[in-house]
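Scroll down for the structure; my scribbles are underneath it.
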Amino acid sequence: MPCAPQAATGAVSLDERFFARDVVTVARELIGATLLVAGVGGVIVETEAYDREDPASHSFSGPTRRNAAMFGPPGRAYVYRSYGIHWCLNFVCGEAGHGSAVLVRALEPRAGLDTMRARRNLDEPRALCAGPGRLTQALGITIAHDGLPLAEPPFAVLPRGCEPPIVAGPRIGISKAAELPWRFGLAGSRFLSRPFPKV
DNA sequence: GGTATGATTGACT
DNA sequence: GTCAATCATACCA
């Protein structure tokens with residue numbers, strides 16, 4: 001809690017203008033923002049950037065049925081099934097059709113804790129949203145959310161109040177372009193999916 | 001503390 | 001058939 005979000009009172013959701021920029025910049029600036037899905041969510045503490053020229057990105061080999069949302073307008077959700085069992089949530093970035101997106105990997109739970117606990121069948125807040133698959137389960141995200149605008153219900157992405165301390169490191173769970181430091185996290189957060197490597 | 005494995009879908013060789 | 005932006009569980013030290 002190094003920096004309070006503007007969450008509570010009627011803040012307006014970040015929209016297409018925020019997301020229509022360089023994907024790495026957006027990934028970094030999303031740390032500390034608040035994500036809500038139907039009123040359930042919290043502060044984004046971990047993200048990863050995926051670019052069209054990035055061998056680890058789903059968009060690298062061009063559009064397919066699965067990644068269609070990545071090639072649509074920015075400011076929308078891209079949801080895909082991971083390892084056959086989990087859902088992963090991305091925010092589409094850059095110019096429309098560019099094929100870049102930010103993977104949301106972890107939240108600090110703030111709103112709808114009981115709903116998240118019920119969905120995850122778990123009490124411990126620290127593990128409720130610490131990982132892309134866990135996060136989507138806690139927020140009730142499925143393929144039905146693929147392509148939906150992030151500035152409209154059930155989604156809301158509220159701007160952070162100020163610039164929080166941010167750490168960067170290599171992305172997780174990929175084998176290609178694994179050296180790119182395109183994973184961003186809130187420094188010192190206890191809600192990360194995994195710790196960042198020490199400098 | 002750590003490493004290994006199964007679940008299960010979609011895209012690609 | 002193989003691999004993948006994962007997680008929970010099982011086992012070993």
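Here the structure is a predicted model, which means the values were calculated and not measured. Chain naming here is simple, since letters A, B, ... match the order of the sequence lines and numbering starts at 1 in each.
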Connected via hydrophobic side-chain network under 4.5 Å: [X] and [Y]:
| X | Y | result |
| --- | --- | --- |
| A:I44 | A:L148 | yes |
| A:W182 | A:M70 | no |
| A:F71 | A:L150 | no |
| A:V45 | A:L113 | yes |
| A:L107 | A:I166 | yes |

DNA chain C-proximal residues of [range], any heavy atom under 4.0 Å:
| range | result |
| --- | --- |
| residues 118-125 of chain A | A:R120 |
| residues 138-148 of chain A | none |
| residues 71-82 of chain A | A:Y80, A:S82 |
| residues 167-185 of chain A | A:I172, A:G173, A:I174, A:S175 |

As an exercise, state the distance from [atom1] of [X] to [atom2] of [Y], rounded to the nearest 0.5 Å.
| X | Y | atom1 | atom2 | value |
| --- | --- | --- | --- | --- |
| A:F184 | A:R105 | CZ | CZ | 13.5 Å |
| A:N67 | A:S57 | CG | OG | 8.0 Å |
| A:I141 | A:R119 | CD1 | CZ | 9.0 Å |
| A:L139 | A:R120 | CG | CZ | 11.0 Å |

May I have all residue pairs that pass ring pair (Phe, Tyr, Trp, His ring centres under 6.0 Å) and include part of residues 146-175 of chain A, sequence neighbours excluded?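 Residue pairs with at least one partner in residues 146-175 of chain A: A:H145-A:F155.
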Determine whether [X] and [Y] make a side-chain contact, defined as any pair of heavy atoms from C-beta on separated by less than 4.5 Å.
| X | Y | result |
| --- | --- | --- |
| A:P74 | A:R17 | no |
| A:R171 | A:D54 | yes |
| A:S193 | A:R183 | yes |
| A:R76 | A:P149 | yes |
| A:L122 | A:R134 | no |
| A:C129 | A:F191 | no |
| A:R190 | A:E108 | no |

Positional range of nucleotides in DNA chain C within the contact set of chain A, heavy-atom, under 4.0 Å: C:dA4 to C:dA8
Sticking with atom C1', work out how far C:dA8 lies from B:dG10, rounded to a whole angstrom. 22 Å
DNA chain B: 5'-most and 3'-most nucleotides touching chain A, 4.0 angstrom heavy-atom criterion: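 First-to-last contact on DNA chain B, by the 4.0 Å heavy-atom rule, is B:dA7 to B:dC12.
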side-chain contact (heavy atoms from CB on, under 4.5 Å) evaluation trace for A:T142 with A:V79: CA-CA 7 Å; A:T142 70; A:V79 181; 5.9 Å; no
Apart from A:L103 itself, what residues make up its hydrophobic cluster, given side-chain heavy atom links below 4.5 Å?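 ILVMFWY cluster around A:L103 also holds A:Y50, A:I174.
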Under a 4.0 Å heavy-atom cut-off, which of residues 44-66 of chain A touch DNA chain B? A:T64, A:R65, A:R66
Give one of base, sugar-phosphate or nothing for A:G133, where a contact means two heavy atoms less than 4.0 Å apart.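 Sugar-phosphate only.
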Report which part of the nucleic acid A:N90 touches: base, sugar-phosphate, or nothing (heavy-atom distance under 4.0 Å, all strands).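 A:N90: base contact, heavy atoms under 4.0 Å.
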Report yes or no: do A:D22 and A:T25 form a side-chain donor-acceptor pair below 3.5 Å?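 On atom types as modelled, these side chains qualify, holding a pair under 3.5 Å.
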Quick one: ring pair (Phe, Tyr, Trp, His ring centres under 6.0 Å) partners of A:H58, sequence neighbours excluded?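 A:H58: ring pair (Phe, Tyr, Trp, His ring centres under 6.0 Å) contacts with A:Y80.
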Is the CZ atom of A:R194 crowded by more than 12 outside heavy atoms at less than 6.0 Å? no
Please list, one pair per line, the donor and acceptor atoms closer than 3.5 Å that link side chains of residues 82-100 of chain A to other protein atoms, with sequence neighbours excluded.
unit_1: A:N90; atom_1: ND2; unit_2: A:Y78; atom_2: O; d: 3.3
unit_1: A:H98; atom_1: NE2; unit_2: A:D51; atom_2: OD1; d: 3.3
unit_1: A:S100; atom_1: OG; unit_2: A:C93; atom_2: O; d: 3.1

Assuming nearest nucleotide by heavy-atom distance, tell me which of A:G84 and A:R134 is located more 5' along DNA chain C.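 Between the two, 5'-proximity favours A:G84.
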With Watson-Crick and G-U wobble geometry limited to distances under 3.5 Å, how should the secondary structure of DNA chain C be encoded in dot-bracket form, using | for bases paired to another strand and [ ] for crossing pairs? ||||.|||||||.
